[in-house]
Amino acid sequence: MKVLICGKGGSGKSTITAMLAKSMAKRGYNVLVVDSDESNFGLHRQLGVGLPEDFMNYLGGKRNLGEKLMGAYQRGDTLSLFENKWQISDIPEAYTVKKENIKVMAIGKIHDFGEGCACPMGALARNLLTNIETTSEDLILVDTEAGIEHFGRGVEEGCDIVLMVLDPSYESIRLSEKIRELTEKAGKPFYFILNRADEIGIQLMMEALGKTNILASIPSSPEVFQAGFAGEELNVELPEIESISDFLVSGSHS
Ligand SMILES: Nc1ncnc2c1ncn2[C@@H]1O[C@H](COP(=O)(O)OP(=O)(O)O)[C@@H](O)[C@H]1O
Ligand SMILES: [Mg+2]
């Protein structure tokens, strides 16, 4: 199963990705976390591993990929980067870091000022996710950059389900309308996860979302906050995360 996690900046995407990865790994799943946010360097810390080398380098680096993308665009083709279908185990070890049964990879990061746009990374993420096949014991979690650009790049195409994380804010509600529309167009099952909302926040958000597709509401947790603030590994188990895992395991979304 391939799960895309999206939402606005700071809503809690990476935090929830990390907690979900740990929860599902404990249940015996082979978990691959794909860090597809080119401008954030926090997810690997939350998972307690080092920063993996940019997978983009495997395909010759950003410039090379950008040229291939441009060439395909000029020919009117869609970029196709892989010849054969991959399993998680086919990802070259040099581009993953592993801890117990969680593997982490990063599509590519923006390392330098003025190095250009992130389009090649989006194209690579889309190619990788449409190409990779999962078994019933595998779970791929894709942590995306803030907003909806990844939809423009078609990253959701290879995923089986989209989870949107919302904090209690006007921006999250507006973004949810857009994301609902885009996932419906893409024909993907899609669910909301409310994060850090108190009782009033939950009520307001439920109403704004029309009370549909809400999978879980994760409370503000002092332990999560402290680990996040210190840049430490997240070793917090929350019952709400377990209920999301139950849902994924049950397969009732498909
Ligand atoms: N449920 C929560 N309780 C407490 N702090 C949280 C919670 N969810 C996220 N945070 C904190 O909020 C900040 C932003 O979360 P993060 O996962 O990095 O957001 P995103 O990936 O969406 O940009 C982090 O410092 C994180 O520790
Ligand atoms: Mg993040």
Side-chain angles (χ1 to χ4, degrees), residues 3-24 31-52 54 97 102 104-111 118 121-122 125 140-151 153 155-156 159 162-176 178-179 190-202 204-206 214-245:
V3 180
L4 184 95
I5 293 158
C6 63
K8 82 178 240 300
S11 58
K13 296 178 292 300
S14 300
T15 302
I16 290 172
T17 301
M19 288 195 284
L20 209 48
K22 284 176 172 261
S23 156
M24 290 293 276
V31 180
L32 172 70
V33 177
V34 180
D35 183 353
S36 157
D37 181 353
E38 59 275 348
S39 53
N40 197 296
F41 289 83
L43 179 61
H44 64 283
R45 272 192 221 107
Q46 293 174 307
L47 289 161
V49 297
L51 183 66
D54 289 356
V97 281
I102 302 180
V104 188
M105 70 186 294
I107 295 296
K109 297 286 176 188
I110 293 177
H111 295 280
M121 299 169 192
I140 300 184
L141 292 173
V142 186
D143 183 25
T144 58
E145 85 278 11
I148 52 167
E149 212 175 318
H150 44 87
F151 284 100
R153 298 168 182 164
V155 176
E156 80 292 349
C159 294
V162 175
L163 303 180
M164 177 187 175
V165 181
L166 296 95
D167 57 2
S169 69
Y170 177 79
E171 291 83 358
S172 276
I173 297 295
R174 289 287 84 81
L175 189 63
S176 75
K178 199 74 211 158
I179 290 183
F190 129 92
Y191 295 89
F192 298 119
I193 298 173
L194 313 185
N195 190 27
R196 304 182 88 171
D198 60 12
E199 217 172 301
I200 299 172
I202 293 173
L204 289 174
M205 284 163 77
M206 298 262 277
I214 299 167
L215 183 58
S217 176
I218 298 170
S220 197
S221 147
E223 291 89 356
V224 170
F225 175 78
Q226 274 163 18
F229 191 79
E232 285 169 358
E233 181 174 0
L234 258 177
N235 281 321
V236 186
E237 286 180 24
L238 298 178
E240 295 79 7
I241 294 287
E242 292 312 311
S243 75
I244 301 173
S245 294

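Here the structure is a predicted model, which is why all the values come from computation and not from measurement. In listed order, ligands and their atoms are each counted from 1.
For ligand 1 and Phe225, the ligand atoms under 4.0 Å from any heavy atom of the residue are 4 (C), 5 (N). Taking a cut-off of under 4.0 Å to the non-hydrogen atoms of Lys8, the atoms of ligand 1 that pass are 22 (O). The contact set between ligand 1 and Gly10, taken as ligand atoms under 4.0 Å from a residue heavy atom, comprises 14 (C), 19 (O), 20 (P), 22 (O), 23 (O). Atoms of ligand 1 lying under 4.0 Å from at least one heavy atom of Gly228, given by number and element, are 27 (O). The atoms of ligand 1 that sit less than 4.0 Å from any heavy atom of Val224 are 2 (C), 3 (N), 4 (C), 5 (N), 6 (C), 7 (C), 27 (O).
Not one N or O of Gln46 is nearer than 3.5 Å to an N or O of ligand 1, by distance alone. Residue-to-ligand polar distances place Lys13 within reach of ligand 1: an N/O pair is separated by less than 3.5 Å. The shortest N/O to N/O separation between Gly12 and ligand 1 falls below 3.5 Å.
At least one heavy atom of Ser221 sits closer than 4.0 Å to an atom of ligand 1. Note on ligand 1: Pro219 sits in its first shell, one or more heavy atoms being nearer than 4.0 Å.
Of all protein atoms, those of element N, O or S that lie under 2.8 Å from the Mg ion (ligand 2) number 1.
Electrostatic pairing of Glu233 and Lys22 counts as a salt bridge here, judged by a charged N lying under 4.0 Å from a carboxylate O.
Closest protein heavy atom to atom 9 (C) of ligand 1: Thr15 OG1, 3.6 Å.
Here Val165 has no heavy atoms under 4.0 Å from ligand 1, in either its backbone or its side chain.
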